[in-house]
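Sequence lines set the chain letters: A, B, ... in the order given, protein chains first and strands last, and positions in each chain run from 1.
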Amino acid sequence: MQGSPQFIFVGIAQYILFFKFTRIDAVKTYQEFKQVDYPHIGESVLQYWKENQIFEKSISNREGAKTFTFYEGPPSANGTPGIHHVMARTLKDIFCRYKTLRGFQVKRKGGWDTHGLPVELQVEKELGITKEDIGKNPTAGRAGITVAEYNKKCRETVMRFKNEWDELTEKIGYWVDLEDPYITFDSNYIESLWYLLKQLYEKGLLYKGYTIQPYSPAAGTGLSSHELNQPGCYREVKDTSITGQFKLKGQPNTYILAWTTTPWTLPSNSALAIGENLDYVKVRTFNPYTHLPVDVILAKARVASYFSPKAAELPLEDYRPGDKLIPYQVLEEFKGKSMIGWEYEQLLPIPGLALPHPAFTVVAGDYVTTEDGTGIVHLAKAFGADDFRTLVQQKVPGIFVQDELGNEVPVVDRQGKFLPIVGEYLVAKMQEHGISAHKTFGPNDFYVKNYTQDDEAAPDYKNTDVILSILLKNENKAFKVEKYEHSYPHCWRTDKPILYYPLESWFIKTTAYKDRMVELNKTIQWKPEATGTGRFGNWLENLVDWNLSRSRFWGTPLPIWRTADGTEEKCIGSIAELQAEIDKSVAAGLMTASPYAGKELDLHRPYVDDVILLSPKGQKMFRETDLIDVWFDSGAMPYAQWHYPFENKDVFAANFPADYIAEGVDQTRGWFFTLHALSVMLFDSVSFKNVIANGLVLDKNGNKMSKRLGNAIDPFKTLKEYGPDALRWYLLSNANPWDNLKFNLDGVTEVQRRFFGTLQNTYNFFALYANLDAFIYRAEKAIPVQERAELDQWILSKLQSLILEVEAAMDGYDATKATRAIQNFTVDQLSNWYVRLARKRFWRGDMQADKQAAYETLYECLFTLSQLMSSFAPFYADWLYKNLTEAGESGKASVHLTDWNTANHSLINPDLETSMDLAQTISSLVHSLRKKEKIKVRQPLQRILVPVLSEKFKSQVAHVAELIQTEVNIKEIEYLDDASGILVKNIKPNLPVLGKKLGPKMRFVVAALQGWGATEINQIEREGNYLLSVEGEEIDLLLEEVLISSQDIPGWSVASDQGVTVALDVNVTEELKQEGVARDLVNRIQNLRKDLGLEVQDKITLLVSDSNPLVNASIALFGGYIQEETQAISLSLGKLEGEATVLDMDEFELPVRLIKA
RNA sequence: GGGCUUGUAGCUCAGGUGGUUAGAGCGCUACACUGAUAAUGUAGAGGUCCGUGGUUCGAGUCCACGCAAGCCCA
């Protein structure tokens, strides 16, 4: 090596390096690492990125390039981040990094979700107050807080853990712009929202309507679901339940039975719901109250609850009115589906409450069960959320009347009593049926629950439900009436039962764009696909209008002002418009001054509520007090993050729609929907083209992580122990991100050991020898691939295939495939095969072409890997990249600033890859045989036999013969072809091919082939076909329809796998034995060297005891080899006197003396 | 209750369009290698492919009905 041109060249490079980096170990151009501290790599690379602004450069470098748009779904910073956030954020990060390498400019604006109920609840809890206290003065015994103070507190709370979030984001290497994030409480952000709301308003898509909510007539207020979940709200109560008889039209004397625990809703019945897949029966029997014969319909599974089994045998004709047992007979059975559309007569035909078709028909309801009742559910549109939704979807009208303003109102008023229209009917019916009660009822006295403090213990006490049930019994309209104990929600303030009641809300008419949303959804690539077609697609198919209203305090106010009578209203679409309207209002004298005069503009409550505007007709308009759903905030981020359209119109245009977004699958009806809905309604576009909906991160036993149970994984602790790269790699490679992940730290350890450890070993191996040989990679001086060894060509071929595989996976948003492919290449191909077989090339001799080629090949593999893996393990990849490139000074400042190296197709050599596969298979088979025969690999053997059935196969094996020979320590490979005459062939049907041709006749042919011998096989091989007679039919069997293999060599011990068969010649000749001893000797001396602590390059002298003829013969023949391997400058046989080491040679002992030269 | 997802070795996961003997890694057992060495290799054991029916010459794969777990919605 001394004096070679290569050395001089390298020497200069080192010289330069010495001064540039002032390294102490200046001879070493590639850094070597004994142990690797992965967390430290994460920290130091992060530091490097910060100091050199690598993230900023990765974007500014791509100025003018095609854009790849990513939208950040804003997290809420009022809680600390968990391990599942690492998953979500990693998933977001990798595709942005990948696309950057592929030449796109990828801007990623961070964002924060700041409004909403969770924030408010947290503040309520911390202040020890409830919703009732907000906006009230403190009074005796109660806290109180102004809306202004309350919202101030919310604003403070919501960013409380921003620092933790930012820290996590940085430490896991999620590149997103944290300097200039969008914040949903920002005035500019809200202004954009107002603009969008006004767009919807002007399209007529914003309207005020009803939604069925829990309502307390006693308190006169709606209750939120969280108020309803307060402990003690649900109580066991006894209510009158009625099974009503609804008379069918077109089927004489036939009734549908439907059960309700709220009889007061029966006057509002307008449909009946069945379960499409449930079984129903028609039963002939008698009404237990009127004793009239009736045919009734109910779910088959409920028959036993309505009829006594003892009565089943009784003949119908024997029934006498008053009999305890009522006979019954099942007439027919059918599926619920067949009942859809059946018409029935209105149960209570109250004058003025008639409805047109399709009212009073049977519809399908997905919530119908056979757990209680009749398996048929009575629907009253005004008084049940399910009822309302079903009837809206089925376009069935509900029972409502018009109030004096022309608005539709239910027949129960806000005090919880029937309107006179029902009251009058009931008064008349009570007279008609002679029903007496504890008091005289007037038309205005029918409260649906006891809201009037009536004494329930009073004699003859009857509530509205009871009165209704009596009259239904009398009119042959009730099949069963009984007290029923169940759990029913009560108002936490008044203790009175609540009603489900239609309350006013603002809606976005998403249903108007349903078809378009469905259509555009089909253009989105969902990962996994089923979330798009199923979960999201089905949701769109069953879309209802978006209820926008929230009766809360901390959120985006609805920008609609209305007159008190609701006849005039105005929607405000910008701050400027608001200012102008305020000015008008002030000029008209409605306000003395603008509430914002001299103050900072805050569009939140309570300030915006102080604004009174002037209507066109000169009336006062007040803001509708509702806030809007926070999901509108986040769904509008494509526009509002840029303050569109007030600023950045061009930026928005260049970044809409997103190419890619990712969030948890729980966002399907949340962010994914609101993004989609708004873009379709406002821009007739999707808002994202590709989306990954990731699953949950569970603990290792598959349970939900929770801080309370203590099974939550702390991301910061995990990062500290394992570093970011192994963690990210584990999250991505272990399972598809859309499946739930059972998070197990052992898995992270495994990734670290198996993948990163192996890669690191490979790098260390390279660095160690490259430094010894002073090798530095120079692309321009590299040896052309076709001039390199076959092994090099092979690994480079594999490498190109890997690049293609990673590209395909990443272009299809499949990170798991990509990471697994990289890992398999690194561990199986590069480390366990290439490096192992090529090792000797690195440590032998001078720096000739073969050795240089080996270095270059290994370097190119590692270099390419650093780029391929950089999206997934950004810290380690950059560190590896820097270690590889610093020496040559050829690299960029970071792997993340490089351009993607696409695959070189000309280097892909499928034949060579097949050959190498064969080498691996054959080696494995020989190992297996050696084990079976108990002959260790160190013992050389003469030959293996390989049957070859084609020339191609033979040449493919011959190609890698030397490799196999070295790998399994044999002298030669002998090929057995047809001519040898000793092959035993096997024939099997090629099933996929033959199955299509033969179908049912297959099994006869399969049976026939099993009986075949050499004659038949030879014939079909010779002639290309064979006429087979089965079941009296001639079948022409073609050669390509069968598979012929050789799995046996008579007289030999063989092993087979994947159609390859190998036999091993186990005969150990004297010379082979001697060679074996020589190798054993080398092995023992190497161990001795190591025990003595000798360095690789240390020379020794060796004296071997002249005591064993086998050893003597071995040394005579292989002394040179032994000396070379053990770096012995002398090797002599003789009598050992004094100090000697006794080597255990398995079969004998051998004293030697080893002295360092 | 509905929609969707998942169920394959002790554990984590692969298994286009149905094809004969269902694979990998970890773990376990044994052995080998020893100039990548706190590294590595090889082999072995380990399966009712959640269950039951069905379609088919043939089902882990397709269909139906269940069971179990999870998410979302009621």
Side-chain angles (χ1 to χ4, degrees), chain A residues 34-35 275 365-371 384-386 389 528 530-539 541-542 664-670 693 695-696 698 700 702-704 730 733-736 738-742 744 746-747 749-751 753-755 757-758 760-769 772 816-817 820 823-824 827-828 831-833 835-836 839-840 842-844 923-924 926-932 934 936-938 967-968 988-996 998-1007 1043 1082-1084 1086-1087 1089-1090 1094-1097 1125-1127:
Chain A
K34 272 281 171 214
Q35 288 143 311
D366 54 16
Y367 44 83
V368 179
T369 72
T370 56
E371 271 164 27
D386 273 337
R389 180 173 54 86
T531 299
T533 55
R535 193 182 272 230
F536 194 66
N538 290 347
W539 157 255
E541 294 286 353
N542 296 307
V665 67
D666 52 343
Q667 297 289 337
T668 309
R669 284 138 154 87
L696 267 68
L698 307 167
K700 62 180 175 186
N703 300 314
K704 212 170 172 169
Y730 167 71
S733 67
N734 185 66
N736 287 318
W738 41 88
D739 289 332
N740 288 349
L741 175 74
K742 290 185 201 163
N744 192 342
D746 293 345
T749 314
E750 190 185 323
V751 161
R753 255 199 31 228
R754 189 170 155 71
F755 175 61
T758 306
Q760 182 57 34
N761 273 330
T762 308
Y763 167 78
N764 268 347
F765 175 85
F766 168 80
L768 177 69
Y769 289 103
L772 285 176
T816 306
K817 254 201 185 115
R820 285 177 179 174
Q823 178 164 328
N824 288 342
V827 176
D828 296 337
S831 171
N832 292 351
W833 194 252
V835 172
R836 197 153 52 83
R839 256 190 311 201
K840 291 202 168 72
F842 291 93
W843 73 60
R844 286 269 160 76
S923 299
S924 167
V926 176
H927 278 300
S928 166
L929 284 167
R930 274 182 174 272
K931 183 182 166 64
K932 201 159 81 184
K934 296 195 167 60
K936 55 191 167 190
V937 180
R938 231 175 351 225
E967 177 68 7
V968 299
K988 283 197 300 188
N990 188 347
L991 289 168
V993 177
L994 213 48
K996 285 198 178 65
L998 296 178
K1001 282 175 285 190
M1002 270 273 293
R1003 53 200 177 106
F1004 303 116
V1005 176
V1006 172
L1043 301 169
V1082 168
N1083 165 247
R1084 303 301 191 273
Q1086 297 289 30
N1087 286 344
R1089 281 181 58 113
K1090 207 179 343 172
L1094 299 186
E1095 292 289 317
V1096 173
Q1097 59 276 14
E1125 287 292 318
T1126 59
Q1127 309 266 8

Phosphate OP1/OP2 of B/A39 contacted by A/Thr758 side-chain N/O (<4.0 Å) | no
Re B/C4: Watson-Crick or G-U wobble partner, both distances kept under 3.5 Å, found to be B/G70
Proximity to the side chain of A/Ala385 - top-ranked nucleotide from B/A36, B/A74, B/A43 | B/A74
Whole Å only: how far is the OH atom of A/Tyr769 from the C1' atom of B/G35?
-> 4 Å
Which whole number of Å gives the distance between the P atom of B/G66 and that of B/U12?
-> 28 Å
A/Tyr769 and A/Phe842 aromatic ring geometry - parallel, tilted or perpendicular at 30°/60° bounds | tilted
Output yes when at least one side-chain N/O atom of A/Asn736 is less than 4.0 Å from OP1 or OP2 of B/A14, else no.
-> yes
Check: A/Ser923 and A/Val926 side chains under 4.5 Å, non-hydrogen atoms | no
Please tell me if the side chains of A/Val937 and A/Val968 come closer than 4.5 Å, counting only heavy atoms from C-beta onward.
-> no
Separation between the C1' atoms of B/C57 and B/U52, rounded to whole Å = 23 Å
Tell me which nucleotide among B/A74, B/G70, B/G19 gets nearest to the side chain of A/Arg535.
-> B/G70
Using the closest heavy atom to pick a nucleotide of RNA chain B for each, name whichever of A/Leu768 or A/Ala735 lands nearer the 5' end.
-> A/Ala735
Please lay out, stage by stage, how A/Phe766 and A/Val835 fare under the test side chain to side chain contact (heavy atoms under 4.5 Å, CB included).
-> CA-CA 9 Å; A/Phe766 168 80; A/Val835 172; over 6 Å; no
Heavy atoms only: give me the nearest A/Ala735-A/Thr816 pair and the separation to one decimal.
-> O-OG1, 3.4 Å
Phosphate oxygens OP1/OP2 of B/C33: is one of them under 4.0 Å from a side-chain N or O of A/Arg938?
-> yes
Rounded distance in Å between the C1' positions of B/U29 and B/G35 | 30 Å
Select one nucleotide: of B/G25, B/A32, B/U6, the one nearest the side-chain heavy atoms of A/Val937.
-> B/A32
Write down the partner of B/G19 under the Watson-Crick or G-U wobble criteria, each distance required to be under 3.5 Å.
-> B/C57
Check whether any side-chain N or O of A/Asn734 sits under 4.0 Å from OP1 or OP2 of B/U12, and answer yes or no.
-> no
Could you state the CG-P distance from A/Leu991 to B/G18, rounded to the nearest angstrom?
-> 14 Å
C1' gap between B/G10 and B/A45, integer Å | 13 Å
So, is A/Arg753 near the phosphate of B/A39, with a side-chain N or O under 4.0 Å from OP1 or OP2?
-> no
Quick one: closest heavy-atom pair of A/Val665 and A/Gly695, and the distance?
-> CG1-CA, 4.5 Å
Correct closest heavy-atom pair for A/Pro528 and A/Ala693 would be CD-O, 3.8 Å
Considering just the side-chain nitrogens and oxygens of A/Asn1087, establish if one lies under 4.0 Å of OP1 or OP2 belonging to B/U34.
-> no
Rounded distance (nearest 0.5 Å) linking atom CZ of A/Arg535 with atom CG of A/Asp666 | 8.0 Å
Sort out the partner of B/U40 for me: Watson-Crick or G-U wobble, both distances under 3.5 Å, none otherwise.
-> B/A32
Nearest-Å distance, CG (A/Asn832) to P (B/C33)?
-> 18 Å
Any-strand Watson-Crick or G-U partner of B/G25, both distances under 3.5 Å | B/C11
State whether A/Asn744 places a side-chain N or O below 4.0 Å from either non-bridging phosphate oxygen (OP1 or OP2) of B/U12.
-> no
Of the candidates B/A43, B/G35, B/G25, the side chain of A/Ser924 sits closest to B/A43
Please report, rounded to the nearest Å, how far the C1' atom of B/A32 is from the CZ atom of A/Arg836.
-> 12 Å
Does A/Asn538 or A/Arg669 map to a spot on RNA chain B nearer the 5' end, using the closest nucleotide for each?
-> A/Asn538
Interatomic distance where CZ belongs to A/Arg839 and P belongs to B/U37 [whole Å] | 10 Å
Which nucleotide in the set B/C72, B/U12, B/A43 lies at the smallest distance from any side-chain heavy atom of A/Lys742?
-> B/U12
Of all the choices, B/A36, B/A43, B/U34, which nucleotide is nearest to the side chain of A/Asn1083 once you look at every atom?
-> B/U34
Among B/A32, B/U40, B/C4, the one nearest A/Ala530 by side-chain distance = B/C4
Which value, in whole Å, describes the distance between the C1' atoms of nucleotides B/G46 and B/A30?
-> 15 Å
To the nearest Å, how far apart are A/Arg820 CZ and B/G25 P?
-> 14 Å
Separation of the C1' atoms in B/G15 and B/A9, to the nearest angstrom | 14 Å
B/A69 and B/A22: how far apart are their P atoms, nearest whole angstrom?
-> 31 Å
Rounded to the nearest Å, what distance is computed from the CG atom of residue A/Asp746 to the P atom of nucleotide B/C13?
-> 13 Å
Report which part of the nucleic acid A/Val835 touches: base, sugar-phosphate, or nothing (heavy-atom distance under 4.0 Å, all strands).
-> base
B/U21 to B/C63 separation - C1' atoms, rounded to the nearest Å | 27 Å
Between B/A74, B/C26, B/C72, which nucleotide gets closest to the side-chain atoms of A/Asp386?
-> B/A74
Write down the distance between NE2 (A/His927) and P (B/U40), rounded to a whole number of angstrom.
-> 16 Å
Can you tell me if the side-chain N/O atoms of A/Arg754 get under 4.0 Å from OP1 or OP2 in B/G25?
-> no
